[in-house]
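Worksheet for the structure shown next.
Residue numbers count from 1 along this sequence. From a predicted model like this one, the values you see are computed outputs, not experimental measurements. Whatever order the structure lists ligands and atoms in, that order sets their numbers, starting from 1.
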Amino acid sequence: MKHYDVMVIGGGPAGLSAAIYAARSGVSVAVAEELVAGGVMAATPVIENYPGYKSIFGYELAQKMEEQAVSSGACIIYSRALKITDGEIKKVTLSDGSTYDCFAVVIAAGNSPRKLGVKGENELLGAGLSYCATCDGNFFRGKTVIVAGAGKHALSACEYLQDIVKEVITVNPYKTPITALIGNPLDSVEIDEGGVKRVIKCDGLFVELGYEPSSILTKDFVKTDGAGYVVCDERMQTDRNGIFAAGDIVSKPLRQIATAVSDGAIAGQFAAVYAKKRANR
Ligand SMILES: Cc1cc2nc3c(=O)[nH]c(=O)nc-3n(C[C@H](O)[C@H](O)[C@H](O)COP(=O)(O)OP(=O)(O)OC[C@H]3O[C@@H](n4cnc5c(N)ncnc54)[C@H](O)[C@@H]3O)c2cc1C
């Protein structure tokens, strides 16, 4: 069985930042990533709010973080983590059939937006459709947008957008289902008002139905809040010794790349401290 001092699960900004900090502390580190290094960031067309870059393609920032993690000494294993087994020596089981021993684990598996479930939704991401008003609101400055949602996510999206865009139209898709997304880039949506179809013109659509944490590894394993997000202390450690978490999977008020890399830095640093103690180094 192969050993790394620290195993990081998820190669998004939080996981890559954790890997950089842990590797630079002198411990051996592997990142298990099931899809593509960079996480959601890699699929975000343009990022305009990450300090240091006025504007950068998401894939470009993802590539830079990945290169920095690898050049710091971290190894990236492209496989899905299926299970973490706790103990003095922890084990991480991957979908390729391998199991790794480690002293500390950083869970940085992110979360995913709840979708409308309407045909064409995936293709329109970045072409008029967004799941994040804070991230993409500025692209619709002076334009007309629809916010689809109900509850606190939709409310805070509307509050954020009202000072930026010309008009915010709200649609509660639980009461008034969105039945079609029209145009590519999106130029209107069709809604069903009690059996009557109506088309609303718009420049953009923000789907604000909230997010779901990637809870496959954390549910019933570490302490979570009411919504399933992982609860951490100031060192980003969970209620289990040596099990840390970082990024969007963590219970916190702002989920952005800047906050993900901050969490990752803290988690990576203290996971390395924990691993060194366990290894008597
Ligand atoms: C559409 C959209 C646009 C956004 N735009 C911006 C923006 O402009 N600026 C900004 O600051 N923020 C933006 N955000 C938010 C930002 O992308 C996230 O806050 C950030 O990516 C969180 O990083 P993370 O590493 O915690 O999670 P993620 O980026 O989600 O990365 C998690 C990684 O873990 C992997 N993974 C999950 N489960 C497993 C497993 N079991 N085994 C192995 N790997 C696993 C995933 O494949 C993924 O690569 C945007 C979000 C969305 C949805």
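Distances between N or O atoms of C132 and those of ligand 1 include no value under 3.5 Å. Here's the thing with I9: none of its N/O atoms is less than 3.5 angstrom from an N/O atom of ligand 1. For ligand 1, the polar-atom distance check finds an N/O of Q256 within less than 3.5 Å of one of the ligand's N/O atoms. Among the atoms of I249, none of the N or O lies under 3.5 angstrom from an N or O of ligand 1. In terms of N/O distances under 3.5 Å, ligand 1 is not approached by Y131. Checked by distance only, ligand 1 and S214 stay at 3.5 Å or farther apart across all their nitrogen or oxygen atoms.
The single protein non-hydrogen atom nearest to atom 37 (C) of ligand 1 is A109 O, 3.2 Å, given as residue, atom name and distance.
The proximity of S112 to ligand 1, defined as any non-hydrogen pair under 4.0 Å, does not occur for either the backbone or the side chain. With a 4.0 Å heavy-atom cut-off, ligand 1 is reached by the backbone of A32 but not by any atom from C-beta on. Looking at N49 against ligand 1, only its side chain comes within 4.0 Å, counting heavy atoms. In L217, the part holding a heavy atom less than 4.0 Å from any atom of ligand 1 is the side chain. Of all the heavy atoms of Y211, the ones lying under 4.0 Å from any atom of ligand 1 belong exclusively to the side chain. Contact annotation: for T44 versus ligand 1, heavy atoms closer than 4.0 Å belong to the side chain alone. Within the 4.0 Å heavy-atom criterion, the part of A260 lying near ligand 1 is the side chain and not the backbone.
By the 4.5 Å side-chain criterion applied to Ile, Leu, Val, Met, Phe, Trp and Tyr, L116 is assigned to a cluster that also includes V118, L124, L125, L129, Y131, I146, I169, V171, Y174, I178, L181, L186, V189, I191, I200, L205, V207, L209, Y211, Y229.
Applying the side chain to side chain donor-acceptor pair (under 3.5 Å) definition to pairs two or more places apart or across chains, those involving residues 241-251 are D225-S251.
The shortest heavy-atom distance from P13 to ligand 1 is under 4.0 Å. Residue A42 places every heavy atom at 4.0 Å or more from ligand 1.
Contact atoms of ligand 1 toward G39: 29 (O), 31 (O), 48 (C), 49 (O) (distance under 4.0 Å to a heavy atom of the residue).
Atom-to-atom distance recorded for E193:CD and T179:OG1 is 10.0 Å, nearest 0.5 angstrom.
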